Amino acid sequence: MTEIGYYPGCALHGSSNDYETSARACLAALGVQLREVTDWVCCGATAAHALNHKLSVALPARNLALAEHDGFREILAPCPMCSMELLKARQEILADEALRAEMSSLVELELRGGVNVLNLVQALQSAGIDRIKAAVKKPLDGIRAACYYGCLLTRPPGVVRFDDPEQPRSMEAIVGALGAKTVDWNYRTECCGAGLTMANEETVLELSHRILTNAAAHGANCVVTVCPMCHVNLDMKQADIERRFNAKHKMAIYYLSDLVGLALGLSEKELGIDRHFVART
Amino acid sequence: MARVGVFTCWCGENIARTVDVERVTEDVSRLPGVRCSVHYKYMCSDPGQALVRERIAADRLDRVVVASCSPHMHLKTFRRAVASAGLNPFLLEMANVREHCSWVHHNKEQATRKAVDLIRMSVERVKHNRPLDPIRVPVTRRALVIGGGVAGIQAALDIADAGYEVALVEREPSIGGKMAGLSETFPTLDCSQCILTPRMVEAGQHPRIKLYTYSEVEEVTGYVGNFEVTIRQKARYVDVEKCSGCGDCWNVCPLKKNPSEFDFGMGFRRSIYIPFPQAVPARPVIDKKTCAKLIRNGCGLCEKKCTRGAINFKDEDRLVKEEVGVVVVATGYRLYSIGKQQENGKLSGYGEYGYGQYKDVIDSLQFERLVSASGPTSGALKRPSDGKEPKTVVFISCVGSRDNAKGIPYCSKICCMYTAKHAMLYRHKVHDGEAHVFYMDIRAGGKGYEEFVRRAIEQDGAHYHRGRVSKITEENGKLVVRGADTLAGVPLTIEADLVVLAAAMRPAAGVETLAQKLNVGYDEFGWLLESHPKLRPVETNAAGVFICGACHAPKDIPESVAQASAAAGKVAVLFANEELSRDPEVARINEQTCAACYACRRACPYHAIEAAEVRSPKGAFVKNTARVNPGLCMGCGTCVAVCPSKSADLDGFSEQQVYAMVEALA
Amino acid sequence: MSETNGFEPKIVAYVCNWCTYLGADLAGTNRLEYPPNVRLIRLPCTGRIDFNLIVKAFEMSADAVLVSGCHPGDCHYTAGNYHARRRWMLFRPLLEALGFDLRRIHFTWISAAEGRKFQQVIAEITESARKLGPYRPYEANGESKWRPAGLPPPKRRSGDDASLRTTARELLAEGKAGVVIGRGERGPVLARKPEDADRLTWNGASKIALTAYLKRKEVRALGKPAIVAGPADLRALNVLEQESQIRREDIHVIAAEGPGAAPPDFSDLDALLQLEPGERMAYWAGEFDRCVKCYACRQACPLCYCERCIVDKNRPQAIDTSAHARGNFAWHITRAFHLAGRCVGCGACTRACPAGIDLRLLNQAAARAAERQFGYRAGADPKAEPLVGVYSLTDKEEFIG
Amino acid sequence: MIDAATSGEATAVPADLPAFLDLENCYQCGKCTAGCPVAERMDVVPNQLVRLAQLGLVERARRAESIWQCVSCQTCSTRCPKSVDCAAVIDALRQLSFEKGDAAGSQRRTVLFQEAFLRNIRRNGRLNELELVGVFKTKAFLDDLSIPFLFKDAMLAPRMRAKGKLHFKPDRVKDGGVLERMFDRCLRQA
């Protein structure tokens with residue numbers, strides 16, 4: 001067992017607790033134990049960067065400092081929004097010594113910016129794709145997955161420095177290793193409307209509808225994501241989407257860790273898939 | 001003891017108004033070494049010059065100082081004057097008592113004293129002048145032209161027509177370059193092949209042009225007038241002499257599905273092939289990467305079919321040497337490769353456009369082949385994916401150009417024009433089709449250019465949208481192009497059947513390596529540097545190396561041709577004499593005292609200093625030294641300043657001359 | 001004029017032929033009046049203008065000197081002005097350390113179109129020189145009590161003498177080296193026979209830099225040399241290699257440590273620079289007063305390898321050879337500037353000086369500029385591009401008007 | 001800077017927007033607008049927002065409803081050929097709008113939501129979804145008196161509860177004091 005730091009973020013401790021279950025179970029099956037960053041706080045999300053720039057640096061900075069304090073060199077932040085916010089704050093702090101000092105004082109912890117932040121795909125990559133491939137017990141041969149990266153897994157490229165922002169392929173590589181098929185489709189990096197679910201539902205429903213439609217049109221029977229917000233919009237809101245556009249999607253939405261876990265022989269319950277709204281048909 | 005004559009000019013009233021010329025003459029006559037000091041109203045006039053000549057003879061003068069205007073005005077005049085009196089022209093000095101004295105000072109006493117000072121400095125200087133003779137460098141009156149596109153062909157023909165021999169090196173199997181593959185040309189819409197192929201044939205048959213196709217420049221040594229060039233002739237596997245170009249060989253080649261380089265992958269060729277029917281020379285090559293005989297000793301059909309025994313599977317690369325006096329570089333351009341990481345790692349491409357992923361997203365040169373009458377579809381507009389005639393075509397400008405983030409910051413200059421042409425040609429072929437052009441600015445400066453673009457819009461009905469495209473996706477057989485019209489302030493989605501990307505222009509692959517071989521400078525993008533952007537646009541800082549066409553910067557055909565002829569003109573000027581005569585005010589190294597630290601070699605802007613060995617008369621090694629190549633030295637003197645032992649010196653501005661002037665001040 | 005008591009300064013302007021000379025011509029054509037104090041000396045390019053010319057101009061009673069050429073990017077010879085700029089960047093700190101009044105030296109870029117600028121520059125320089133009063137070369141006002149702390153005591157080298165001797169003995173015995181140059185208890189040792197090796201020690205003495213022996217004919221005649229090199233010797237070897245003076249494969253190098261990465265100790269120089277310029281000049285005037293022009297500094301230096309030193313060149317006599325203030329200053333400025341970007345800080349010059357002048361301080365002025373302005377430390381890397389004879393488009397030029 | 005007299009509007013001082021936004025780099029190619037997933041719905045599209053900011057018409061830009069329509073997907077910034085961070089420009093405009101407290105009409109819900117989100121974090125350190133929904137719905141109702149919106153998603157709650165996705169016990173951080181101080185200092189500086 002190797003142990004890495006874990007920053008769940010609010011969603012994984014809230015309505016996306018299925019994602020936490022899935023990520024923990026899947027990584028544990030690969031021999032990776034997650035240890036939560038002590039007393040972590042919200043990354044601030046869109047609210048912080050839309051309303052107050054300083055806060056949008058300070059909140060992630062506090063978490064980075066906490067992680068440093070815990071002695072982590074690397075932490076997993078499965079939510080792409082969290083991991084992007086953490087990385088952005090880290091980049092700003094590393095580029096500006098005065099800011100680093102200011103933030104240290106603000107977050108009341110010495111902050112060096114030495115903690116690296118991984119997203120879930122990177123955590124799986126570092127566990128080793130060959131290792132995953134070798135550990136597959138139930139190849140997912142019925143799956144035709146539309147790998148959905150969403151916005152912040154690859155953007156902004158200068159901050160997250162992960163995969164090609166226009167033609168990413170890292171999720172396909174993992175899903176392919178599970179014996180599943182992946183489809184070529186067009187909405188891999190389009191936005192689902194993100195956190196506007198509550199405040200501007202109309203936008204979210206429309207954007208999400210396009211995504212589900214395109215995935216189906218390209219022959220997918222499920223969509224794979226690593227983002228809790230995307231999951232909420234595509235899964236929990238799918239019934240609303242169907243009502244709004246008078247369409248039938250019935251598209252199962254998986255977390256990447258769900259598929260890996262399934263292939264490794266974990267049950268749907270162990271992975272929290274039973275908590276999804278849309279079941280695979 | 002030197003015998004110096006000083007000739008002070010009144011310049012009418014120009015000097016005499018503030019400088020007491022008579023007193024100056026008087027004071028100067030007492031300077032040591034001055035044998036004659038006279039003044040005259042207009043020293044540069046014929047009688048003035050005659051006076052100089054007379055006094056040289058009468059007073060047996062061996063040095064002359066003319067105190068008059070700026071040397072930039074009359075140094076040449078007076079050098080000629082003393083030369084006609086039998087004196088070496090470099091034994092003349094001027095003292096600038098007009099621009100630097102009488103014209104800028106009002107106090108006559110002060111100006112007069114300053115004039116005496118200036119003349120005294122020149123008198124002391126001239127005592128240390130050495131007679132210098134023009135440097136003569138023999139010239140091999142034969143030119144090397146690198147690159148057989150329209151610029152290279154034009155330059156080669158012009159030089160050959162001027163009566164000099166030319167070696168024309170082209171790395172592809174045929175000359176013709178990019179232009180040979182173009183459809184029609186803006187702004188006249190004349191057929192590209194119709195105007196170029198006769199020139200290609202002319203170049204191929206010219207008695208003074210030697211073609212080296214399928215060849216590359218391996219090494220260049222020497223200097224202006226005397227280059228030795230090693231050319232690698234790549235193995236063609238076809239004996240060009242024996243071959244008649246009948247075509248039997250390529251007609252039997254079973255490997256039909258190799259993407260054609262000439263068609264930019266829009267069509268196919270065999271493994272033995274000529275790139276296009278009008279190729280010059282019309283002789284095939286065998287592609288060793290795909291030929292079954294060369295890969296695994298199979299097939300061999302072409303060899304069996306050839307009645308002239310021209311196929312030679314044992315062919316190897318050959319190195320050929322050419323001695324030339326000048327090099328003209330015309331290596332042209334290539335398109336920015338869209339979509340992925342570039343080879344220099346710097347440019348990250350345009351993944352959002354799906355080039356290479358969607359068959360119907362093509363670049364501008366591919367489109368040229370699609371609409372070319374000689375192209376793979378014989379000019380019928382069929383899109384690559386399914387051969388259907390596209391009913392909506394989107395043209396996108398500035399793909400890679402003017403893009404600091406992913407592409408290159410400069411404007412590729414010709415895309416606005418050829419995109420208008422593309423839209424026009426498309427509308428001419430598909431009358432019920434829609435042409436949409438996304439542009440940022442229309443740059444149509446040129447004769448008839450603006451009118452041409454307006455014609456595309458007004459007469460041929462192309463829809464122009466001011467905005468960039470953000471993403472292209474394929475849905476249900478349509479390319480969904482998401483752009484914006486910034487003039488209307490709206491996003492714009494167009495479902496297209498074909499998308500044409502006007503990719504940025506970049507210098508041809510490998511041009512940096514070639515530039516290094518030739519000591520020609522290049523910028524961060526690889527464009528070759530001219531010697532002066534305005535006054536020496538086809539010269540480079542390497543003497544005897546000229547540039548023309550799109551190796552220098554993005555440019556269109558008329559400009560490339562004009563530049564090629566300009567380069568040829570420069571070559572003809574250089575070849576007008578059997579020897580190069582150069583200004584002798586160049587650096588020299590005292591090889592006995594040189595410590596061979598080579599600071600001078602590092603500093604020389606012209607690569608005119610090389611490491612050499614001093615050898616005894618019997619050839620034994622004595623010591624290392626730096627050595628100036630007077631054929632290359634331009635006389636800046638930077639080597640003198642960096643030489644710690646002052647073993648380097650500069651004729652015309654020697655240490656002794658300069659120190660004499662400073663010491664004359666004391 | 002009243003405040004200058006009618007003093008009219010003499011100003012020498014070294015200008016390039018293509019920009020500033022033409023700018024001066026244009027000033028004439030446009031009849032732009034300026035004071036008559038300036039004497040232009042036309043050179044092809046600022047790249048040609050050596051610091052010795054500036055020194056000479058002051059010796060020849062100039063009160064101020066102007067060096068002017070083409071603006072960056074406009075050089076007729078592409079890059080001569082960049083080379084000049086690089087050299088002045090290193091030369092000015094040296095003059096500063098000497099306490100030379102930098103207000104008397106002016107650098108400008110004046111183009112052929114800038115007749116007006118030429119006029120203004122000459123007017124300003126003349127006015128400032130009038131205010132400064134006559135220049136008396138290297139004349140000190142009083143004495144300076146300041147003294148440098150001097151060379152730090154030699155560090156104990158960590159190498160093991162026994163194995164050093166074994167190595168040297170074997171090299172000599174097997175004929176792999178004709179001579180082993182090293183340090184002994186009392187001075188340099190040139191071991192030629194295996195038994196001589198016993199005299200070598202890591203912590204020996206030598207006033208002369210060991211690498212200086214490499215250039216001596218009599219040493220060369222002994223066959224392939226081996227050298228027992230401390231950190232400074234290694235740095236010197238690196239510079240010699242950069243400058244094509246040696247090929248590493250021709251020399252056996254016996255070393256126990258690397259060339260050293262620690263930054264040089266500039267504390268004496270820093271203290272010197274704390275003094276007023278006038279006192280700095282007084283300090284050096286006092287020091288150089290003792291100089292007898294024995295050239296031991298040159299002999300001891302690992303990097304003074306010219307076959308004929310510039311000081312030995314007459315026609316022209318760039319450097320006054322008299323052992324008086326002028327000649328001494330000219331010599332020491334030249335020596336130090338020739339080491340700009342090259343001095344490896346071995347201290348041999350200071351150790352060798354019989355008059356006890358701490359010469360390394362002068363070398364350090366340029367070395368510190370090299371370190372601060374270019375992040376360059378001489379001898380750190382034999383493959384590094386040297387500092388002089390190259391340039392960068394981003395070289396700083398805030399001192400150029 | 002456009003003269004207020006000719007444009008008829010008060011213009012903001014450039015200091016309103018941070019210099020690191022490099023507004024002058026924008027050459028108005030429109031790629032931001034072209035790629036924006038919500039541009040169709042916008043009153044003022046992204047390239048126009050940047051243009052207004054370039055002209056110093058920050059006031060007009062921050063009153064655009066579109067700044068609250070932005071989903072922060074970063075597509076504009078990612079594809080900008082001049083590396084202008086358009087998303088950051090929009091963030092800066094939103095921050096200004098928030099400071100002035102006069103966000104545009106139909107987008108007020110988004111502002112209220114983000115505000116409620118921030119308060120929620122301030123109090124708990126981590127998001128308490130139930131509390132957020134409650135506070136936001138109430139505030140939104142008080143703002144626009146829309147009863148359908150108030151009860152919208154009410155049906156989702158029991159299903160979420162059934163799936164174990166609703167927590168009534170807030171997930172609070174232990175050191176709440178530091179958070180209070182951070183918020184105080186950040187918001188005060190703004």
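Below, all heavy atoms of this structure are taken into account, side chains as well, without hydrogens, waters or symmetry copies. Below, chains carry the letters A, B, ... as their sequence lines are ordered, and counting in each starts from 1. Not measured: the values here are computed from a predicted model.
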Interatomic distance, OG1@T473(B) vs CH2@W185(A), rounded to 0.5 Å, equals 11.5 Å
Only counting residues at least two apart or in another chain, list the ones meeting salt bridge (charged side-chain N to carboxylate O under 4.0 Å, His left out) with E512(B). none
Do other residues, nucleotides or ligands put more than 12 heavy atoms under 6.0 Å from [X] [atom1]?
| X | atom1 | answer |
| --- | --- | --- |
| K388(B) | NZ | no |
| K382(B) | NZ | no |
| D386(B) | CG | yes |
| K391(B) | NZ | yes |

Sub-4.5 Å heavy-atom contacts with chain B: which residues of residues 214-246 of chain A show up? N214(A), H218(A)
What residues of residues 150-159 of chain A make heavy-atom contacts with chain B at a cutoff under 4.5 angstrom? none
List the residues meeting side-chain hydrogen bond (donor to acceptor under 3.5 Å, both in side chains) with E74(A), not counting sequence neighbours, and say none if there are none. none
For the backbone of E474(B) and the side chain of N186(A), can you confirm whether one donor and one acceptor N or O come within less than 3.5 Å of each other? yes
Exam field: side chain E352(B) to backbone E166(A), donor-acceptor pair closer than 3.5 Å: no
